[in-house]
Undergrad: 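Before anything else, here's the structure in question.
Residue numbers count from 1 along this sequence. The analysis underlying the following values was restricted to heavy atoms, covering all of them including side chains, and did not include hydrogens, waters or symmetry mates.
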Amino acid sequence: MMKDSTATTAEPSSTAQRTTSDLTKAAVSGWLGTAMEFMDFQLYSLAAAIVFNKIFFPDVSPAIGLIAAMATYGVGYVARLAGAVYFGRMGDRLGRKKVLTITILLMGASTTLIGVLPTYASIGILAPVLLVVLRLAQGFGAGAEIAGATVMLAEYAPTRRRGLVASLVSLGTNSGTLAASGVWAILLAVLSEEQLLSWGWRLPFLMSFGLLLFAVWLRRNLKESPVFEERPDVVDGVAMTRREVESAVTEGAQGDTGLLEAGMKQRKGKAFFLALALRFGQAGNSGLIQTFLVGYIATNLAAGRSVPTDAIMYGSLLGFLTVPAVGMLGDRFGRRTMYVALTVLTVVLALPVMLLITSGSTPALMLGMILGLNVGVLGLFALESVTMAELFGARTRFTQLALAKEIGGVLATAIGPVLAASLTAATGSWWPIAAMLVVYSLITLAGALLSPETRGRDLVRLEDAV
């Protein structure tokens, strides 16, 4: 049931002022870093679905090769969880900017190195082993990248436009998906099968290096989050330990000790599990639509190999309208209302979307993919970007948000494609995909119904919203 309190509607008192130029730099930095993360992961997921089963797992059947490639895709999410813990704590303790510079370096370097890997034909079993190692390194950096960008943008944004500004993180995911899908669409259109398998698959990974250099330069010139600087538990740019906070409360020596005490006394956990539920629908739907269905369509349906990548590309283009529209609607009507509307719509559309995809008509297939991507993935992501930041208190926002995102990713996005591949192979049907879309979305619907309305919450407060 819906809850309310003055904590969720109070306007923050801002002392660490930021100019429009600062906000623009933060927005571009958050967008670009997240675009790189999703470009890197979409490059990999598309490669896993289209060519990696032949390059790194050539001695097995096509169905088993697809499952193995998807499993290799999934291991990165285990590393993401470790990265979320490590860098999340660093971000809450030392600031958002430092972490965001490190994470983008890790991601970009790992992606570039994938492009120079020798194949199974060259070095045998060592090839997929090295692929997994780089995938783990890529995931370790990515584990805190989108969480950090989300926190930074939400903490920079004007309160009444926070949903719109924070949704730019989702546009970063959309931009990265579009860039990766566009590159793969071009490669599939202009290269022969032999050229693609021999050298063409390397090009997308190598081209990401130039973008990495620009992103690192931009982040090194970005100011720290104003909310981090305003936190009552931050002194000289470093957050106090729990013992130091307790001592400050006892001695009354650190500004408004009431804010410090509230942050220390609150029991943690409820907001985290609500955020995890909100994450589940978007993460699970993303793994099914943006990863598994690409390989499923190419392997099981009588469609051209470029059809699924084209569908993702067109869906991502439409997302440039979907994402800010959902962000603005969230600012107007509230996060909770929009979550309920989008999850219900996704459940209703699950069966029609799969009927379109499996109809045998290319236009219908593309329409189904575009609908699923924009409603069940990008729309939910636009809400997730701001709602999860508002659910958590400032002292542990980075860590809790990163963990909620990555645990949700491990449970839904990483396992989902492997489970879907196994179920469709076992049943010989597409119905498990529709069922998984419904289940993922219902979990998020339950989380939305149990969550408070967080729109307008003062992000400097140390305690969670619930």
Undergrad: Does a side-chain heavy-atom distance below 4.5 Å link Leu130 with Ile123?
TA: yes

Undergrad: Return the minimal non-hydrogen interatomic distance between Ile407 and Leu81, and the atom names on each side.
TA: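 Of all heavy-atom pairs spanning Ile407 and Leu81, the closest is CG1-CD1, 3.4 Å.
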
Undergrad: Taking the side chain as every heavy atom from C-beta outward, state whether Arg335 and Arg162 have any atom pair closer than 4.5 Å.
TA: yes

Undergrad: When the aromatic ring centroids of Phe398 and Phe392 are compared, is their separation below 6.0 Å?
TA: no

Undergrad: Please confirm whether the backbone N or O of Ala35 pairs with a side-chain atom of Ser175, one donor and one acceptor, at under 3.5 Å?
TA: no

Undergrad: Short question: side chain of Thr424, backbone of Ala421 - any donor-acceptor pair under 3.5 Å?
TA: yes

Undergrad: With distance as the sole test, does Asn285 use its side chain to make a donor-acceptor pair with the main-chain N or O of Ser441 at under 3.5 Å?
TA: no

Undergrad: How long is the span from the CG atom in Leu383 to the CE atom in Met388, to the nearest 0.5 Å?
TA: 12.0 Å

Undergrad: With side chains defined as the heavy atoms from C-beta onward, is the minimum distance between Tyr156 and Asp22 less than 4.5 Å?
TA: yes

Undergrad: Just checking, any donor-acceptor pair under 3.5 angstrom between side chains of Ser110 and Gln138?
TA: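 Side-chain D/A pair, Ser110 to Gln138: absent.
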
Undergrad: Mind listing the closest non-hydrogen atom pair of Ala412 and Pro417 along with its distance?
TA: O-CD, 4.1 Å

Undergrad: With a 4.5 Å cut-off on side-chain heavy atoms, are Leu187 and Pro204 touching?
TA: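 They are in contact (side-chain heavy atoms under 4.5 Å apart), so the answer is yes.
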
Undergrad: Provide the closest heavy-atom pair for Arg279 versus Lys405 in the form atom of the first, atom of the second, distance.
TA: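 Looking at all heavy atoms of both residues, the shortest contact is NE-O, 2.9 Å.
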
Undergrad: Quick one, Leu349 and Leu437 - any side-chain contact, counting heavy atoms below 4.5 Å?
TA: no

Undergrad: Hey, does Thr444 have a side-chain heavy atom less than 4.5 Å from the side chain of Gln282?
TA: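 No, their side chains stay 4.5 Å or more apart.
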
Undergrad: Within the side chain of Ser198, is there an N or O that forms a donor-acceptor pair under 3.5 Å with the backbone of Gln195?
TA: yes

Undergrad: Considering non-hydrogen atoms only, spot the tightest contact between Gly372 and Val353 and give its length.
TA: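 So the minimum-distance heavy-atom pair works out to N-CG2, 4.2 Å.
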
Undergrad: Are the side chain of Thr103 and the backbone of Glu145 linked by a donor-acceptor contact shorter than 3.5 Å?
TA: no

Undergrad: Heavy atoms only: give me the nearest Gly281-Leu380 pair and the separation to one decimal.
TA: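 Shortest heavy-atom contact: C-CD1, 4.1 Å.
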
Undergrad: Is it true that Glu229 and Lys97 make a salt bridge, defined as a side-chain N closer than 4.0 Å to a carboxylate O?
TA: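 A salt bridge is absent here (no side-chain N lies under 4.0 Å from a carboxylate O).
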
Undergrad: Distance check, rounded to the nearest 0.5 Å: Leu462 atom CG versus Arg231 atom CZ?
TA: 6.5 Å

Undergrad: Does the side chain to side chain contact (heavy atoms under 4.5 Å, CB included) test come out yes or no for Thr322 and Leu373, once each step is laid out?
TA: CA-CA 10 Å; Thr322 301; Leu373 178 63; over 6 Å; no

Undergrad: Are any of the side-chain heavy atoms of Met152 and Ser29 separated by less than 4.5 Å?
TA: no

Undergrad: Is the count of non-hydrogen atoms from other residues, nucleotides or ligands lying under 6.0 Å from Arg89 atom CZ greater than 12?
TA: no

Undergrad: Within this structure, what is the CG-CG distance for the pair Leu136 and Leu131, rounded to the nearest 0.5 Å?
TA: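 CG of Leu131 is found 9.5 Å from CG of Leu136.
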
Undergrad: Any salt bridge linking Arg397 with Glu155? Criterion: basic side-chain nitrogen under 4.0 Å from a carboxylate oxygen.
TA: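 Yes, this pair counts.
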
Undergrad: So does Phe320 have more than 12 non-hydrogen atoms from other groups sitting under 6.0 Å from CZ?
TA: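 Yes.
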
Undergrad: Could you check if a side-chain atom of Ile433 sits within less than 4.5 angstrom of a side-chain atom of Met436, using non-hydrogen atoms only?
TA: no

Undergrad: For the atom pair CZ (Phe292) and CG (Leu419), what is the distance rounded to the nearest 0.5 Å?
TA: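 With rounding to 0.5 Å, CZ (Phe292) is 9.5 Å from CG (Leu419).
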
Undergrad: Which one of Ile357, Leu371, Val307 satisfies the side-chain contact (heavy atoms from CB on, under 4.5 Å) criterion with Met366?
TA: Val307

Undergrad: Would you sort out whether Leu43 and Ile114 count as a side chain to side chain contact (heavy atoms under 4.5 Å, CB included), showing the intermediate values?
TA: CA-CA 10 Å; Leu43 285 175; Ile114 288 176; over 6 Å; no

Undergrad: Does the pair Leu403 and Phe272 meet the rule for a side chain to side chain contact (heavy atoms under 4.5 Å, CB included), with working shown?
TA: CA-CA 9 Å; Leu403 279 172; Phe272 177 80; 3.7 Å; yes

Undergrad: Do NZ/NE/NH1/NH2 and the carboxylate oxygens of Arg455 and Glu390 come within less than 4.0 Å?
TA: no

Undergrad: Any chance you could measure Tyr339, atom OH, to Thr387, atom OG1, to the nearest 0.5 Å?
TA: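 If I round to the nearest 0.5 Å, the distance is 4.5 Å.
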
Undergrad: Might you point out which heavy atoms bring Gly408 and Ala283 nearest each other, and give the distance in Å?
TA: O-CB, 3.9 Å

Undergrad: Any sub-3.5 Å donor-acceptor pair from Arg461's side-chain atoms to Gly393's backbone N or O?
TA: no

Undergrad: For the CD1 atom of Ile146 and the CG atom of Leu100, what is their distance to the nearest 0.5 Å?
TA: 11.5 Å

Undergrad: Evaluate the criterion side chain to side chain contact (heavy atoms under 4.5 Å, CB included) for residue pair Leu278 and Glu384; output intermediate values, then yes/no.
TA: CA-CA 7 Å; Leu278 295 179; Glu384 179 185 300; 5.9 Å; no

Undergrad: I'd like to know if the side chain of Asp92 and the backbone of Thr399 have a donor-acceptor N/O pair within less than 3.5 Å.
TA: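 A pair under 3.5 Å: yes.
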
